[in-house]
Structure formats: structure tokens, C-alpha cells
Amino acid sequence: MEQLLQQHPDLQGKVVLVQIVNPARGSGKDVQEAKRETYLTAKRINDVYGSPEYEPVILIDRPVPRYEKTAYYALAECCIVNAVRDGMNLVPYKYIVCRQGTPYMDKAMGITSDSPRTSMLVVSEFVGCSPSLSGAIRVNPWDIEAVADALNLAITMRESEKQLRHEKHYRYVSTHDVAYWARSFMQDLERACQDHYNKRCWGIGFGLGFRVVSLSPSFRRLCIEHIVSAYKRTNRRAIFLDYDGTVVPQTSIVKSPSSEVISVLKALCNDQNNSVFIVSGRGKNSLSGWLDPCERLGIAAEHGYFMRWNKTSEWETHSVADDLDWKSIVEPIMRLYAETTDGSSIEVKESALVWHHHDADPDFGSCQAKELLDHLENVLANEPVVVKRGQHIVEVKPQGISKGSVAEKVLSNMVDQGKPPDFVLCIGDDKSDEDMFESILNTVSAPTLPLAPEIFACTVGRKSSKAKYYLDDTVDVVKLLQGLATASCPKPKYIEQTLVSFESII
Ligand SMILES: O=P(O)(O)OC[C@H]1O[C@H](O[C@H]2O[C@H](CO)[C@@H](O)[C@H](O)[C@H]2O)[C@H](O)[C@@H](O)[C@@H]1O
């Protein structure tokens, strides 16, 4: 009010704020302090802007009966609810209803039933009801200049617009009554519980990371015997493996693959019936260095921005992503979050930028990651990019580049070569791997395939996923791959015997 009278001196003598001080629910020191400050502020405003005939702020600090409040609401040209923190707050709704009036109230106010109605609302954006009132003027209560401008606008707006706003308000309030709220609450509850009895619930994680996930009963562990038998029945196989969290543990400090992983990949690649690909978000140099011994292995780096079919073939670069100008928008924003989040850092890839918070405080890191994701999505709405969360990362990469497109490319290449896949295995732990699952699941229904292949989409860790199968960790993944490699190239009998006798000697 002080700001309003200061910014708009023409309103002095014309506008009065009736501040109804509802009795506080508590009686602590802070309540007394707030009361004292309210009185002092009101006095200050009245001393500066008032006169013997004009009191700009009227404080009503006593229990006010409903009929009296109704009278105030019915008379007020504008209602301001400007809490910095609140629940739903029904005052704006009550004000609208009172401004609509009743025949009895009209009579008391000396107006006819066809008199136009208005209701002007200035509401804080932090009040629960504010999004529902499309005719209200929404403000940030901390921005007092904007609040003063909003009040001025509310008072000085053309009558016809005030009426239109009231119509909107009243239509909403009269159609969204208590019965409506109860009905929609019940509907939401029913919808949320719909599949409840068809799903199994699992408690996953510890401490603050604990969560309950409900999974469909068809989601099951990928059993080695089951997949090995399908593997043996087939001879045009596509195998897609994610890197971090799939063949190398997320928690491992050493990021290069173990000798076990290298040898199982080599064995799988050596089977002429297999097309094996590592599909990763990592850069091409690290991947090609680490996987150097696997000559026949295909690698898709940076989610498929780079791809090579085997060690001797050239890297192919995805053509979709020529425009990388967005990097200059993203980098300063990520730098801001890196500076304010201790332990976080930025990774610059050829096609993407990644903000890492693996080494930051876990809770603060994930809160910052959520905020950064939101921030980037807003700023980049018109750019040809996608913003994604991964394991302790927020990544911005070009649209059209995804692990799904890698799977699509490999599978259609097999079809073009007259070797349509009859077995597809895809394992990954991350959100970016969900694109691969989706893409290979779509191939089942593709008309280009003469016969539907055996599909094994498998996520690492029990969580909600498009994959039908799960394995618990990278140890299980390697065991499963070893099972397949053995089926490709069974060990000669005498080696097995030697091994048994050697082990028994130990
Ligand atoms: O597709 P993936 O093989 O799963 O790779 C995804 C990301 O891997 C890398 O990040 C991961 O390792 C980091 C440590 O080296 C760790 O800090 C982070 O939390 C992990 O997500 C890589 O740096 C990213 O560019 C990849 O997108």
C-alpha cells in the first residue's frame, strides 16, 4: 500500500486498504513480532499519506463474523491475497462469490439484479488457488513494485474488462464446487490404484535413496538358460550393449573394461553369426582405446553421433547434428551450476555438453540437476536439442541422435544385406538405453522383417523400464554374456577335464 501510494500519488485520498487480521492460530513470539510490525507499518502509512478525513490503512484486529466479512468482500473493488507461502487459500473464491451477490445482497446494496458485476484479484503466485483463477493478476509478493503496479492496474482497469474477468472467475468458482473437488479426487485416486493389484512392489535403495517401485508381473530376471536356448536356435544375431553401468560398474573408479569383459566381447564378435555393438554416451577416443583388442566390435559413441562398424572401418558422423551453435547458450548456464555446486563439473564432447554431479553432495547434487534440467529445457525450447538426465549427469545433445537410432541403423543394415535378425539382445542401465529398448521392440512389428526375431530387452537393476527383463548388476551381465559366448564356441572336452582336475588339485 505504501509503495502504491508512493508510485501513484493520484490514488491518495481515493483508495483504502482494509486489512482484516484473522486471529493467529498460534501465539508465539514471532506472531507478536509480526503483529507489532503490522501496526507500525499501518501507522507509518497513515501518518505519511493520511489526513483527518482520510485513513489509507484500516486495520481490523478482532474476530470478524462471517456476515461482516461478506459485506467487506461485497463492497471491495479489489481483493489482494499476497502470501509468500500458503496452502490453497479460499479467500479469493469467497470474494468472487460475494461480488456476484444474491437478490438479498443486491437489495441491501441498492443495485438491481441486472447490474454488471466485477471482481478484481491480485494474488500471489505462491498461493495454491492462483493458477485456477485465469482472470486474476498474479504477482511475486517479494517484488513490491510489481505488486503496487498490479494493484494500480486492478483499480484503474476499464469496467468492461473487469466484468469479463469476473465472468471468468465466477464461471470457474460455480462449476468447481466442493462436490467437483471430491469427485475429481476420487477419480485421481481410482486412476492411481487401477493397476495396483496387477503390479508387484519392490523397496529399492537405502536411506534417502529408498523408494518403492511397482513393476508389472511380466518384468522378470533374464535367465541364462532361457536366452542361451534362443541363442542356439538362431544365427543372425544383433547384440547391443551399453558401456557404463552395463559392462563396467557405475561405481568403479577404473573406467576401462576388465580383461574378462574384453575376452567375452572378443568371443561374441568372433562368432560370424553375431553383430555386436557397444552403444555408449562416451566419446569415441576413450571407447576405441579401451576396446581396441576387439577387432570385429562395432562402436557407437556419443549416443550414435559417431559410429564405426569394426576396428578397421572409418568413423561415420551423424549428419543430423551440423548445427552446434546452442553450445554457446548451454555452456554458461552449466558453468553457473558447476560454480554453485561443489564437486560438479562440465564435460565437453564433440556433439554434447554434460554436467556431472557424481562427486557432489548426493542430495544437493540431484536437486541442482533437477533445477538445471528445468532451466535448460526452458531456455532451449526452440533449439534443435534434447536435454536428458542420466546417472549423475544432465546432458544436452542434438535432436535425432539417440541410442535408438543406432539400433535402428544396425537392424536395417542387416535387413538390407539379406540377413534380417532373428535374435536381438539389448542390455543397458540408463535412461538413454530406454531409447534402444523402444527401438528394438518396434522392430518386432516392422513389416520389413519376414519373421519376428527373438527379442531380449534387458535393463540393469530393478526399475521401471520399457525392457521386459532385468539383471541385477554388471557381474550378472558379464556372466550372461559368457553363457552366450560359450554357446557360440563350446569348450573342447579335454580342456574342461584339465580344468576340473586343476581346480580339484587347488
Ligand atoms: O551410455 P553410457 O555408456 O552409460 O555412458 C553414459 C555417460 O558415461 C560417462 O558418465 C558416467 O561416468 C562418469 C565417470 O567417468 C560419472 O561421473 C557419471 O556419473 C556417469 O554417468 C560420460 O562421462 C558421459 O558423457 C556419458 O554420457
Side-chain angles (χ1 to χ4, degrees), residues 209 239-258 261 265 276-291 294 297-307 318 321 327 330-331 334 337-338 341-366 368-370 372-373 376 385-398 401-407 426-439 457-461 463 465 467 471 473-474 477-478 481:
I239 299 176
F240 302 101
L241 303 170
D242 164 51
Y243 188 78
D244 285 90
T246 298
V247 292
V248 170
Q250 281 290 358
T251 48
S252 162
I253 296 172
V254 180
K255 290 296 173 189
S256 54
S258 64
V261 168
L265 289 177
V276 187
F277 276 80
I278 286 284
V279 187
S280 169
R282 286 198 176 262
K284 65 179 180 350
N285 295 339
S286 344
L287 290 172
S288 56
W290 290 331
L291 300 163
C294 310
L297 179 70
I299 299 178
E302 299 199 14
H303 299 110
Y305 180 68
F306 295 114
M307 196 166 157
H318 206 300
K327 279 187 169 182
V330 175
E331 207 175 345
M334 285 193 173
Y337 282 76
T341 315
D342 188 33
S344 69
S345 58
I346 303 172
E347 177 189 2
V348 180
K349 297 196 278 195
E350 289 193 49
S351 67
L353 286 173
V354 191
W355 182 74
H356 286 256
H357 63 97
H358 189 263
D359 299 326
D361 173 84
D363 295 331
F364 185 60
S366 5
Q368 290 286 85
K370 272 191 205 128
L372 173 60
L373 188 88
L376 290 170
V385 293
V386 285
V387 189
K388 285 229 166 175
R389 276 202 76 174
Q391 301 281 1
H392 302 112
I393 55 175
V394 175
E395 179 153 14
V396 184
K397 59 179 181 166
I401 306 280
S402 79
K403 293 188 178 182
S405 62
V406 174
C426 175
I427 316 181
D429 71 313
D430 207 341
K431 286 223 174 77
S432 61
D433 303 312
E434 294 293 320
D435 294 337
M436 270 200 291
F437 301 147
E438 189 175 2
S439 151
C458 175
T459 185
V460 185
K463 58 181 170 300
S465 168
L471 287 170
D473 48 30
T474 52
V477 174
V478 176
L481 297 178

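Atoms within each ligand, like the ligands themselves, are counted from 1 in listed order. Sequence positions, counted from 1, serve as the residue numbers for this chain. Computed from a predicted structure; not experimentally measured. Values below: every heavy atom of this structure, side chains too, minus hydrogens, waters and symmetry copies.
Proximity of a side-chain donor or acceptor of Thr341 to a complementary backbone N or O of Ala338 within less than 3.5 Å is not detected. Between the side chain of Glu395 and the backbone N or O of Lys388 there is no donor-acceptor pair closer than 3.5 Å. Proximity of a side-chain donor or acceptor of Lys255 to a complementary backbone N or O of Gln250 within less than 3.5 Å is detected.
Distances between N or O atoms of Glu395 and those of ligand 1 include at least one value under 3.5 Å. Considering backbone and side-chain atoms together, Asp244 places an N or O closer than 3.5 Å to an N or O of ligand 1.
Of all atoms in ligand 1, numbered sequentially from 1 with element shown, those under 4.0 Å from a heavy atom of Gln250 are 20 (C). Atoms of ligand 1 found under 4.0 Å from any heavy atom of Ser280 (numbered from 1 in listed order, with element): 1 (O), 2 (P), 3 (O), 5 (O). Using a 4.0 Å cut-off to heavy atoms of Tyr243, the atoms of ligand 1 that qualify are 3 (O). Distances below 4.0 Å separate heavy atoms of Lys403 from the following atoms of ligand 1: 1 (O), 2 (P).
In this structure, Asp242 pairs ionically with Lys403, as a charged nitrogen and a carboxylate oxygen lie closer than 4.0 Å.
When Lys349, His303, Arg282 are ranked by how near their heavy atoms come to atom 25 (O) of ligand 1, first place goes to Lys349. Taking only non-hydrogen atoms, the option from Gly428, Ser286, Gly283, Gly281 nearest to atom 26 (C) of ligand 1 is Gly281.
Looking at residues two or more places apart in sequence or on another chain, you find no salt bridge (charged side-chain N to carboxylate O under 4.0 Å, His left out) involving Glu347. Among residues two or more places apart in sequence or in another chain, the side chain to side chain contact (heavy atoms under 4.5 Å, CB included) test is passed with Asp361 by Asp363, Phe364.
Of the protein's heavy atoms, His356 CE1, 3.6 Å lies nearest to atom 10 (O) of ligand 1. At the shortest separation from atom 22 (C) of ligand 1 among protein heavy atoms lies Glu347 OE1, 3.5 Å. Among protein heavy atoms, atom 4 (O) of ligand 1 sits closest to Asp242 OD1, 2.9 Å. Scanning all protein heavy atoms for the shortest distance to atom 19 (O) of ligand 1 gives Gln391 O, 2.7 Å. Nearest protein heavy-atom neighbour of atom 7 (C) of ligand 1: Ile393 CD1, 4.1 Å.
Using a 4.5 Å cut-off on side-chain heavy atoms (C-beta onward), Gln368 and Ser344 make no contact. Counting heavy atoms from C-beta outward, Glu350 and Glu302 have side chains that approach closer than 4.5 Å. Between Asp429 and Gln391, some side-chain heavy-atom pair lies under the 4.5 Å cut-off.
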